[in-house]
Amino acid sequence: MSTIDANAVNNIAHLARLAVDNKHIPDLARDLTNILDLVEQMNQIDTQGIEPQAHPLDAKQRLRNDEVTEINQRELFMSIAPETEAGLYLVPKVIDAE
Amino acid sequence: MHTKTLQALASALADKSVSSVELTEHFLKRCREHNDNLNSFITLTEETALAQAKAADDARAKGNAGPLTGIPFAQKDLFCTKGIKTTCASKMLDNFIAPYDATLVTKCQDAGLVSLGKTNMDEFAMGSSNENSHYGAVKNPWDTARVPGGSSGGSAAAVAARLVPAASGTDTGGSIRQPASFSGITGIKPTYGRVSRYGMIAFASSLDQGGVFTQTAEDAALLMNVIAGFDPKDSTSADVAVPDYAATLNDSLHGLKIGLPKEYFAEGLDSSIATIIENAAKTLEQQGASVTEISLPNTPSAIPVYYVIAPAECSSNLSRFDGVRYGYRCEAPNDLEDLYKRSRGEGFGAEVKRRIMIGTYALSAGYYDAYYLKAQQVRRMISNDFQQAFNDVDVILGPTCPTTAFKLGEKTTDPVSMYLNDIYTISTNLAGLPGMSIPAGFVDGMPVGMQLIGNHFSEAKLLNIGHQFQQVTDWHQQMPEGF
């Protein structure tokens with residue numbers, strides 16, 4: 001059985017880039033542990049030699065011709081962004097100035 | 001007027017006894033009247049609907065109408081609609097105006113369907129009760145203290161209350177069939193890849209499939225003729241010929257072999273529902289089918305496997321919501337990481353965050369083989385069970401859900417108890433099979449659905465069986481009081 005404790009919740013939340021309120025951590029730890037308990041029921045199944053199934057019809061990736069099919073819609077796409085300037089998406093400064 | 005099927009409305013439009021504008025105004029009025037009670041719509045698009053209706057009437061006057069031109073329809077708010085708010089019932093996308101149309105939406109428009117609006121749902125399609133919506137829960141029109149099912153609960157409630165003749169849905173683990181069952185209507189989830197996923201906001205890409213809710217199997221066939229087909233814009237779209245789904249509706253059921261999986265009648269199934277499904281099987285036998293017991297031995301593993309694969313795919317798909325290019329952004333981020341974390345932490349609801357975290361854990365270093373790879377192996381065993389069964393039978397019949405609609409709030413405190421409700425629907429998504437739920441009876445005044453499962457690309461057969469069943473039963477004609 002995997003038990004998800006507060007440290008594990010914080011670690012997973014960081015990997016998933018999710019801010020989690022401290023007061024929700026105990027509930028999350030309990031819920032995630034319960035879900036993993038459910039998931040781990042599959043460990044009772046012997047899967048020796050079974051090929052994993054990634055696609056329900058075992059389809060292969062289709063290739064297309066290397067042709068341009070999309071038109072440039074930068075202004076339309078950027079019109080719904082939270083913050084832009086001069087055709088660029090704005091985010092907080094990543095590199096500190098000296 | 002609103003009790004008529006899509007087929008009957010199409011006839012009324014064709015013989016000009018009603019116009020599309022009249023129909024659209026009638027259904028919009030019903031939507032306005034009942035939405036405060038049911039909460040089935042997130043957005044009503046009255047102006048564009050009336051413009052589409054006017055265009056439909058003009059096309060008909062010029063002799064350019066197709067079979068469904070001018071019929072009102074509703075889109076689950078998971079399908080991108082150009083210039084119209086597309087929220088996925090999430091705070092994350094509360095301000096999102098889609099810059100393009102989903103292929104399903106384009107196909108509906110090309111067929112002349114009139115979209116009345118965008119229906120409520122569980123956030124990002126994650127849920128079985130429609131209680132996980134940023135815009136509040138949807139109520140079941142049969143009993144407004146109960147859930148309509150989910151995730152496509154708004155579409156199901158709207159069709160059940162006859163606010164719209166038909167609506168789209170999506171189904172990742174039962175999100176069309178379960179709400180169809182809970183709401184007393186017909187719902188079909190086609191074969192994986194049958195309907196384009198282009199412009200469907202992705203949850204679990206190897207499981208997601210679009211479909212429809214209607215009153216009857218015949219109506220579902222008419223809509224399958226609109227939405228099915230290959231789409232080069234969806235790399236997993238199936239390049240397989242599309243039949244005329246209406247052409248085989250009247251085929252005889254003589255010689256049809258139906259299998260009842262014994263695992264679908266095991267512990268956990270409400271005994272009254274078991275009786276209803278057994279009676280439905282008897283009805284089909286009287287229509288010429290033969291019924292045998294079959295086994296799908298890996299059924300108990302379906303939910304455990306699903307809660308690895310669906311969250312893993314969701315954690316990957318939902319990484320696109322970063323507060324940078326579109327959607328919600330937190331106030332005054334300190335730095336880039338704070339922007340990501342708080343935009344996502346504040347923008348996503350509790351269930352979405354739980355699934356992202358489970359998926360992130362299952363895919364994290366050191367756990368991949370134990371969870372994701374193992375789940376994919378069991379997934380193949382579940383698929384193999386079905387293929388084994390289809391050596392002996394043409395279709396599989398069983399209950400859609402173990403119970404009728406549960407009460408609002410009944411399962412919200414325990415995610416696992418909510419998950420267990422999808423025991424009979426999840427396997428078909430894992431195996432990519434088509435499934436359909438149609439009304440088969442009532443328990444204590446609440447509707448019960450029966451589920452038909454076919455082999456890949458056998459939608460026409462499921463619709464044929466559903467239509468034949470609906471010729472000799474009237475469960476699908478019942479509608480809730482007060483609407």
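Just the heavy atoms: all of them, side chains too, but no hydrogens, waters or symmetry mates, feed the values below. First the proteins, then the strands, lettered A, B, ... as listed; each starts at 1.
For A:Ile45, the parts lying under 4.5 angstrom from a heavy atom of chain B are both the backbone and the side chain. Of the two parts of A:Ala59, neither the backbone nor the side chain holds a non-hydrogen atom closer than 4.5 Å to a non-hydrogen atom of chain B. Contacts between B:Pro415 and chain A at a heavy-atom distance below 4.5 Å involve the side chain alone, from C-beta outward. There is no contact between B:Leu433 and chain A, counting heavy-atom distances below 4.5 Å.
Listed options B:Val378, B:Val324, B:Val416, B:Leu339 were ranked by heavy-atom pairs under 4.5 angstrom with chain A; first place goes to B:Val324. Among the candidates B:Gly193, B:Ala375, B:Gly359, the residue making the largest number of heavy-atom pairs closer than 4.5 Å to chain A is B:Ala375. The candidate with the highest count of non-hydrogen atom pairs below 4.5 Å against chain B, out of A:Ile4, A:Leu15, A:Ile35, is A:Ile35.
Under the rule for a ring-ring contact (aromatic ring centres under 6.0 Å, His included), the partners of B:Phe348 that lie at least two apart in sequence or sit in another chain are B:Phe124.
Interatomic distance, CG of A:Leu18 versus CD1 of B:Ile356, reported as 5.0 Å (0.5 Å rounding).
Pairing each heavy atom of A:Pro82 with each of B:Gly327, the nearest pair is CG-O, 3.8 Å. What you find for A:Pro56 and B:Leu430 is that their closest heavy atoms are CB-O, 3.8 Å.
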Anything under 3.5 Å between chain A and chain B that's a donor-acceptor pair? List each one with its distance, please.
unit_1  : atom_1 : unit_2   : atom_2 : d
A:Ser2  : OG     : B:Tyr371 : OH     : 3.1
A:His14 : ND1    : B:Lys341 : NZ     : 2.7
A:Ala16 : O      : B:Arg344 : NE     : 3.1
A:Ala16 : O      : B:Arg344 : NH2    : 3.0
A:Arg17 : O      : B:Arg344 : NE     : 3.1
A:Ala19 : N      : B:Lys341 : O      : 2.9
A:Asp31 : OD2    : B:Arg354 : NH1    : 3.2
A:Glu40 : OE2    : B:Tyr371 : OH     : 2.6
A:Ile45 : O      : B:Lys374 : NZ     : 2.7
A:Thr47 : O      : B:Gln377 : NE2    : 3.4
A:Thr47 : OG1    : B:Lys374 : NZ     : 3.0
A:Thr47 : OG1    : B:Gln377 : OE1    : 3.2
A:Ile50 : O      : B:Gln377 : NE2    : 2.9
A:Glu51 : O      : B:Arg380 : NE     : 2.6
A:Pro52 : O      : B:Arg380 : NH2    : 3.2
A:Gln53 : N      : B:Gln376 : O      : 2.9
A:Gln53 : OE1    : B:Ser383 : OG     : 2.7
A:Asp58 : OD1    : B:Arg380 : NH2    : 3.0
A:Asp58 : OD2    : B:Arg380 : NH1    : 3.1
A:Arg62 : NH1    : B:Ser237 : O      : 3.2
A:Arg62 : NH2    : B:Asp234 : O      : 3.0
A:Glu83 : OE1    : B:Arg329 : NH1    : 3.1
A:Leu90 : O      : B:Arg329 : NH1    : 3.2
A:Leu90 : O      : B:Arg329 : NH2    : 2.7

